[in-house]
Amino acid sequence: MAYLSKDYFCQGYTLLYMKHTKIAELLKSTDFDKEVTVNGWVRSRRGGKSVAFIAVNDGSTIHTIQVVTEIAKFSEETLKGVTTGACISATGKLVKSQGQGQSVEIQAEKISVLGAADVETYPLQKKGHTLEFLRDIAHLRPRTNTFGAILRLRHHISFAIHTFFNDRGFFYLHTPIITGSDAEGAGEMFHVTNLDLEKLPKTSDGKIDFEKDFFGKQTNLTVSGQLEGELGAMGVGLVYTFGPTFRAENSNTPRHLAEFWMIEPEMAFHEINDNMDVAESMLKSVISYVLEICKDDLAFLCEHYDKELLNRLNMVANATFKRITYTEAIDILEKSGKKFEFLVKWGIDMQREHENFLVEHFNVPVIVTNYPKDIKAFYMKQNDDGKTVRGMDVLFPYVGEIIGGSQREDNYDKLLTRMKEMNIPEKEMWWYLETRKFGTCPHSGFGLGLERLVLFITGMTNVRDVIPFPRTPKNAEF
Ligand code: 4AD
Ligand code: MG
């Protein structure tokens with residue numbers, strides 16, 4: 001398995017580009033007096049006439065390495081280019097640091113400026129910037145401590161999710177991004193077309209003639225991979241999707257994106273309780289993983305943004321989630337004596353304030369099940385009471401709904417009736433209905449919004465700050 005070994009990749013880098021070592025590795029090294037090369041971006045430069053101290057970061061860790069530079073050894077031209085934001089390559093001896101705050105430093109013998117940064121116009125200065133300001137310079141924000149930490153965490157969270165499912169025998173299923181169906185039945189979809197919008201072809205009754213469109217029918221960007229996920233589960237048992245999801249809902253809130261990433265497991269032979277077990281253990285497993293792997297980044301975010309962050313993550317990783325029915329939830333809200341802004345009565349779609357109250361009430365994540373059928377999607381399994389369906393939402397402290405899922409209706413007649421009642425075009429969904437005609441079985445699944453989880457884990461307060469390039473109403477820059 002040499003081709004998969006770590007060495008292979010390290011050598012690969014050497015061949016590709018000048019030999020250099022990642023700062024994350026240098027800071028752990030005790031190989032003193034060895035000549036090393038570091039490549040990265042200058043965070044700051046200080047010092048006097050004889051020595052300059054250059055703090056360099058390459059994104060492999062939140063920490064910088066100090067490059068100690070004797071001014072006399074270098075040309076004025078070179079040193080002029082070593083300013084905040086410039087990209088440099090420095091070679092020299094790795095030595096035990098004299099100063100405080102770092103274990104090792106590099107005594108520079110050679111410095112080259114790979115890319116200068118104009119001092120007058122480079123927008124990132126050493127003083128902190130607001131998150132709002134950084135959103136406007138999303139092309140540069142990966143170079144900040146905050147976004148470096150968030151991007152690394154986002155990677156490790158994604159990796160932990162793949163690992164969780166892979167370890168349990170799930171198969172990663174790639175569901176389509178362009179789709180002809182509206183999985184959630186909510187109609188909040190972006191159209192996909194290559195028709196000339198200035199000259200739309202019309203049918204004899206004046207409607208747009210989608211037969212002339214690229215796919216010969218009306219198509220959209222997917223709002224969920226679930227329906228196709230179910231098709232996969234009905235053959236290979238356990239699947240999950242992990243892909244971009246698009247919703248044209250005009251909700252300009254700190255929790256909604258028009259383009260977000262969703263993880264959707266779909267499991268044959270799983271009922272609603274099994275579904276909850278998988279959701280709970282996945283969330284705890286991912287949080288435990290990052291607590292172990294991303295200590296420095298989490299410590300930084302805890303210190304600078306949210307002093308309670310680590311406590312909250314540890315609490316959830318070790319909690320037993322509270323499971324209650326929707327009816328019980330409404331009862332708790334009604335008896336709370338609290339004045340809510342939005343009316344509480346059986347049948348409402350719970351608002352953020354209601355979800356928050358429940359989580360605070362139990363002081364652990366809450367899973368609510370058995371929702372009124374009228375506020376949930378057509379595919380959820382109907383209970384015998386004729387009023388509720390086997391849906392489940394996982395509510396988290398701080399972010400509210402993090403997961404939505406359900407056991408699926410596996411009875412052909414009940415599913416068809418519900419589709420008719422909810423005006424879901426059954427003709428277009430023939431393939432979905434057929435799974436209930438040919439070898440149907442009890443099955444369940446859920447959708448985890450990646451950004452909501454990253455929000456919870458990083459302690460950020462706006463989803464725009466946990467995805468590299470957010471897409472929201474009136475905003476598709478970068
Ligand atoms: O509750 P939702 O709409 O459920 C579904 O889409 C199901 N098809 C999932 C399934 O059963 N396979 O969305 C699932 C999760 C939400 O709980 C939330 O975390 C996230 O996706 N989400 C969003 N995240 C960011 N921006 C948005 N606009 C989101 N809409 C949903
Ligand atoms: Mg939902």
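Whatever order the structure lists them in is the order used to number ligands and atoms, beginning at 1. Residue numbers start at 1 and run along the sequence shown.
Contact check on K217 versus E211 returns no salt bridge, with no Lys/Arg side-chain nitrogen under 4.0 Å from an Asp/Glu carboxylate oxygen. The existence of a salt bridge linking R418 and D374 is confirmed by a sub-4.0 Å separation between a basic side-chain nitrogen and an acidic carboxylate oxygen. Between K202 and D209 there is no salt bridge, since no side-chain N of the basic residue sits under 4.0 Å from a carboxylate O of the acidic one.
Legend: ring pair (Phe, Tyr, Trp, His ring centres under 6.0 Å) pairs involving residues 416-462, not counting sequence neighbours, sorted by first then second residue: F396-F456.
With hydrogens and angles ignored, the 3.5 Å screen pairs a side-chain donor or acceptor of Y398 with a backbone N or O of M460. Of the possible polar contacts, one joining the K284 side chain to the A319 backbone as a donor-acceptor pair under 3.5 Å is found.
Contacts of ligand 1 (protein heavy-atom distance under 4.0 Å) are E184, S224, Q226, R247, E249, R255, H256, L257, F260, M262, E264, Y379, E401, I402, I403, G404, G405, R408, G445, F446, G447, G449, R452.
Around the Mg ion (ligand 2), the protein atoms of type N, O or S found under 2.8 Å away are E401 OE2, listed by chain and number.
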- Task: Show your working on side-chain contact (heavy atoms from CB on, under 4.5 Å) between V316 and L313 and close with a plain yes or no.
- Result: CA-CA 5 Å; V316 171; L313 295 180; over 6 Å; no
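Contact record, K345 with E334: CA-OE2, 3.8 Å, taken as the closest heavy-atom pair.
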Validation: residues 156-173 side-chain donor-acceptor distances under 3.5 Å, sequence neighbours left out:
residue : atom : partner : partner atom : Å
S158    : OG   : R154    : O            : 2.8
H162    : ND1  : Y240    : OH           : 2.7
T163    : OG1  : F159    : O            : 2.8
R168    : NH1  : F164    : O            : 2.9
Y172    : OH   : F242    : O            : 3.0

